[in-house]
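Each ligand, and each atom within it, is numbered from 1 in the order the structure gives.
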Amino acid sequence: MDKFNETINFLKKQGIENPEIGIVLGTGLGKLVDNIEIIKTIDYKEIPHFPISTVESHAGKLIYGLIKGKKVLAMQGRFHYYEGYSLQEVTYPIRIMKLLKIKYLLLSNAAGATNLDFKKGSLMLLDDHINFLPDNPLRGKHSDDFGPRFPDMSRPYSKLLNDKIINIAQRENIVLHEGIYAVMPGPNLETRAEYRYLRDSGADVVGMSTVPEVIVANQMNLLCAAVTVITDECDPDNLKPVSLEEILQVAGKAEQQLVKIFIALIEEL
Ligand code: HPA
């Protein structure tokens with residue numbers, strides 16, 4: 001807890017007071033930041049006990065400010081298992097945001113579609129997930145300060161938030177699928193056999209993030225919602241090579257719709 005207090009005291013000294021909504025922005029999805037009336041930007045590397053982002057497509061900044069008059073704390077760039085961090089490290093910022101008393105956590109990510117009805121460039125709201133990481137952020141020594149040892153996961157994504165997001169998408173004429181996100185360790189993309197296996201397992205999309213953060217949010221009783229930008233189609237019977245550049249390009253194009261949804265949601269919260 002000392003470590004957590006040090007981080008929190010540092011952030012409070014930087015003027016971060018009573019954020020209401022935490023936001024985690026995924027790969028190629030940093031543009032929401034243009035819609036924040038920024039009060040303070042802090043590089044992760046300045047924050048005591050924060051891991052440091054090693055992926056070039058992730059900016060690595062904590063941004064505090066206002067969206068539609070609401071205080072938000074946004075992570076531009078997140079931490080991934082494939083970077084070599086433990087899942088405790090990956091989820092450290094989520095615990096910090098909850099301890100700073102955010103009430104809602106909104107996450108975004110880029111992923112590939114194993115459900116072939118879901119086309120690249122469209123969005124998917126996470127209804128559920130499957131953890132295929134060989135680790136869990138709650139593994140190891142337990143402290144009741146963070147919530148239960150065995151958190152319930154019967155509904156990891158808030159119905160309240162998801163219902164609002166679905167309504168907003170309808171109102172704004174945005175195609176929003178709902179489905180199951182599978183997390184793989186990465187950093188390689190998956191093989192044809194793995195895509196086939198993931199599809200058969202019930203997954204609609206596959207990515208390399210989000211699930212550890214959502215597990216921790218659930219343990220801490222923090223309402224969360226997550227939206228995927230589908231950047232590629234993972235058809236095992238017709239698989240084409242895909243590069244990070246293409247993934248970023250598609251993410252950038254679809255991003256505007258994600259931004260629209262998040263801003264409208266924040267206005268309603
Ligand atoms: N797997 C496949 N395609 C993807 C991923 C992934 O993890 N992320 C973005 N597109």
Side-chain angles (χ1 to χ4, degrees), residues 24-32 53-60 75-85 87 90-91 106-137 157 175-215 226-259 261:
V24 181
L25 298 170
T27 307
L29 301 171
K31 281 215 195 77
L32 183 78
S53 185
T54 61
V55 188
E56 279 173 37
S57 48
H58 291 251
M75 291 179 64
Q76 192 175 26
R78 59 146 61 85
F79 304 104
H80 301 82
Y81 179 73
Y82 62 75
E83 293 175 83
Y85 303 114
L87 292 186
V90 165
T91 54
L106 311 181
L107 305 116
S108 64
N109 61 56
T114 47
N115 181 336
L116 302 177
D117 294 333
F118 295 2
K119 300 302 173 201
K120 69 176 176 183
S122 62
L123 304 180
M124 188 195 88
L125 178 65
L126 275 68
D127 174 51
D128 209 338
H129 69 228
I130 306 173
N131 182 16
F132 283 115
L133 298 179
D135 196 3
N136 188 294
Y157 300 87
V175 175
L176 179 71
H177 304 290
E178 288 167 66
I180 298 170
Y181 176 98
V183 60
M184 290 287 274
N188 58 283
L189 301 182
E190 289 69 31
T191 65
R192 288 167 295 160
E194 286 164 343
Y195 286 136
R196 201 170 284 118
Y197 171 83
L198 288 163
R199 189 175 68 188
D200 291 348
S201 78
D204 294 298
V205 298
V206 52
M208 303 174 195
S209 69
T210 307
V211 170
E213 290 115 304
V214 170
I215 291 172
V227 176
T228 288
V229 172
I230 295 168
T231 53
D232 50 297
E233 292 161 17
C234 310
D235 179 357
D237 299 314
N238 184 26
L239 192 62
K240 299 182 188 74
V242 58
S243 65
L244 178 69
E245 288 68 39
E246 284 173 81
I247 287 175
L248 292 177
Q249 200 188 8
V250 178
K253 275 193 196 153
E255 191 175 11
Q256 209 45 50
Q257 299 192 314
L258 174 81
V259 169
I261 289 177

Shortest non-hydrogen contact between [X] and [Y], atoms and distance:
X	Y	result
M124	E178	CG-C, 3.9 Å
L239	E190	CD2-O, 4.3 Å
V229	L123	CG2-CD2, 3.6 Å

SB check K240 D232 (cutoff 4.0 Å): no
Residues forming a ring pair (Phe, Tyr, Trp, His ring centres under 6.0 Å) with Y157, sequence neighbours excluded: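 Residues passing ring pair (Phe, Tyr, Trp, His ring centres under 6.0 Å) with Y157: H129.
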Show me the short polar-atom pairs for ligand 1: any N or O of it lying under 3.5 Å from a protein N or O, with distances only.
residue, atom, partner, partner atom, Å
ligand 1, 1 (N), E190, OE1, 2.7
ligand 1, 3 (N), D232, OD1, 3.4
ligand 1, 3 (N), D232, OD2, 2.9
ligand 1, 10 (N), G112, N, 3.4
ligand 1, 10 (N), T231, OG1, 3.2
ligand 1, 10 (N), D232, OD1, 2.6

Stepwise side-chain hydrogen bond (donor to acceptor under 3.5 Å, both in side chains) test for S209 and N109: CA-CA 7 Å; S209 69; N109 61 56; 4.5 Å; no
